[in-house]
A.B. asks: 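Provided herewith is a single structure, encoded as structure tokens, for subsequent inquiry.
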Amino acid sequence: MNKYDIKDYIKSDVIRYRGKFTVKNFLGLFVFNRGFRVTFWFRMSQSQAFGNRVARGIARLSQLRTVIQLGLDTKLVKAYI
């Protein structure tokens, strides 16, 4: 998955949580919503970018800190509303 696909997936996640995408909505979710942070790092770990290993480590740590357990090889789809 390339970085543009990941960006679209993250935008669809913000829309699913808040109804529309704005930078303010994204930052609010990232700071205050644990579930969104887990989803964000999970999405980033799915990318084929250079920082993939770092994102996978952060995703694994964020999953350990919450009760959310997703295999990093799990494929998720966009949220269509």
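Since we're looking at a predicted model, the values are computed, not measured.
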A.B. asks: Cluster question for you: counting only ILVMFWY and a side-chain heavy-atom cut-off of under 4.5 Å, with indirect links fine, are Val23 and Phe36 together?
C.D. replies: yes
A.B. asks: I need the minimum non-hydrogen distance between Val31 and Arg37, along with the two atoms involved.
C.D. replies: O-NH1, 2.8 Å
A.B. asks: Could you grab the distance from atom CD1 of Ile15 to atom CG of Asp8, nearest 0.5 Å is fine?
C.D. replies: 9.5 Å
A.B. asks: Should the pair Arg16-Asp13 be classified as a salt bridge under the 4.0 Å nitrogen-to-oxygen rule?
C.D. replies: yes
A.B. asks: Hey, could you give me the CZ/CG distance between Phe21 and Leu29, rounded to the nearest 0.5 Å?
C.D. replies: 10.0 Å
A.B. asks: When you compare the side chain of Ile10 with that of Met44, does any pair of heavy atoms fall below 4.5 Å?
C.D. replies: yes
A.B. asks: Please find the pair of heavy atoms, one from Phe30 and one from Phe40, that lie closest to each other, and give the distance.
C.D. replies: CE1-CD2, 3.4 Å
A.B. asks: Of all heavy-atom pairs between Lys20 and Val14, which one has the smallest distance, and what is that distance?
C.D. replies: O-CG1, 3.9 Å
